[in-house]
Structure formats: structure tokens, C-alpha cells
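Structure first, then comments.
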Amino acid sequence: MNRLDTGVWQPGPAMPDFPIGRVDVWLAVLDDELPGNVVSLDELERSRRFVFEVHRQRFLGARSALRCILARYLRTPPSQITFQ
């Protein structure tokens, strides 16, 4: 979700652009259900290091949200994004 000038959070654009001088701010609810097959095997392995399930789910939610947001800008499937 992103916040427009109305002060209310709105769903973000499906295909955002990159205008000069603009900063986009997104809100992700980490407790929402995760989209399937978005995170990498490495991210799944990292999530297993968390002691508490709630932290594991929030980590996966954050990584999924990051991938989904970047995928909109890059116009590529979230699962195809790699981090180095």
C-alpha cells in the first residue's frame, strides 16, 4: 500500500514508474498471508533460524513484501529477483 496526498493508505500501482524527485513509501502488513513461492530457498533457510514462529512469519512476510514491491517496479515475477 502507499499513501497518497489524501492521508489514507491506498493500494499501490500495479506498474509504478520512476519519476525524478519522488520517493515512494509503502506499507506492508507482515501478519498477512504470504503469497506462495515468492521467497528463495536461502530466505526459507534463514527463516528457520528464528526461535519463535511469529518472528519467522514476519521475516518471510517482509521478504515477500519486498519482492512483490520490487517486482512491480522491475516488471518481473517476484521469485525471479535475486539479492547479492
Side-chain angles (χ1 to χ4, degrees):
M1 303 179 122
N2 65 3
R3 185 176 163 185
L4 302 176
D5 293 333
T6 62
V8 178
W9 287 95
Q10 303 290 326
M15 298 179 78
D17 55 1
F18 292 100
I20 295 173
R22 183 181 82 193
V23 174
D24 293 341
V25 178
W26 292 77
L27 170 72
V29 180
L30 302 182
D31 295 326
D32 283 354
E33 188 171 327
L34 304 174
N37 299 327
V38 174
V39 296
S40 68
L41 292 176
D42 178 56
E43 289 165 323
L44 283 173
E45 182 61 35
R46 286 176 60 191
S47 75
R48 292 184 184 112
R49 297 179 196 159
F50 288 96
V51 174
F52 299 106
E53 183 64 24
V54 65
H55 298 142
R56 184 176 301 115
Q57 289 302 315
R58 286 183 182 160
F59 170 79
L60 291 172
R63 294 305 285 204
S64 294
L66 175 62
R67 286 175 169 280
C68 289
I69 292 167
L70 289 175
R72 290 182 182 197
Y73 287 96
L74 299 172
R75 293 165 175 77
T76 188
S79 60
Q80 297 299 312
I81 296 172
T82 58
F83 298 101
Q84 296 192 5

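Each residue takes its place number in the sequence, starting with 1.
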- line: Given the options P78, P77, S79, V38 meets side-chain contact (heavy atoms from CB on, under 4.5 Å) only with P78
task: Decide, yes or no, whether a salt bridge links E45 with R48 under the criterion of side-chain N to carboxylate O below 4.0 Å.
output: yes
Run the side-chain donor-acceptor check on residues 54-62: report pairs under 3.5 Å with partners two or more places apart or on a different chain.
from, atom 1, to, atom 2, distance (Å)
R56, NE, S47, O, 3.1
R56, NH1, E53, OE1, 2.3
R56, NH2, F50, O, 2.5
Q57, NE2, E53, OE2, 2.8
R58, NE, D31, OD1, 3.3

task: For the pair R63 (side chain) and S40 (backbone), establish whether a donor and an acceptor sit closer than 3.5 Å, ignoring hydrogens and angles.
output: no
task: Enter the distance from L74:CG to R67:CZ here, rounded to the nearest 0.5 Å.
output: 11.0 Å
- prompt: Rounded to the nearest 0.5 Å, how far apart are CG of D24 and OH of Y73?
  reply: 3.0 Å
message: Taking CG in D17 as the centre, count heavy atoms belonging to other residues, nucleotides or ligands within less than 6.0 Å. Is the count above 12?
response: yes
- prompt: Would you say F52 has more than 12 foreign heavy atoms packed within less than 6.0 Å of its CZ?
  reply: no
task: Output the distance between atom CD1 (I69) and atom CD1 (I81), rounded to the nearest 0.5 Å.
output: 10.5 Å
query: Among the clusters formed by ILVMFWY side chains lying less than 4.5 Å apart, do L70 and M15 turn up in the same one?
result: no
- request: Decide side chain to side chain contact (heavy atoms under 4.5 Å, CB included) for L66 and W26; before the verdict, give the C-alpha distance in whole Å, the side-chain angles of both, and the deciding distance to 0.1 Å.
  value: CA-CA 10 Å; L66 175 62; W26 292 77; over 6 Å; no
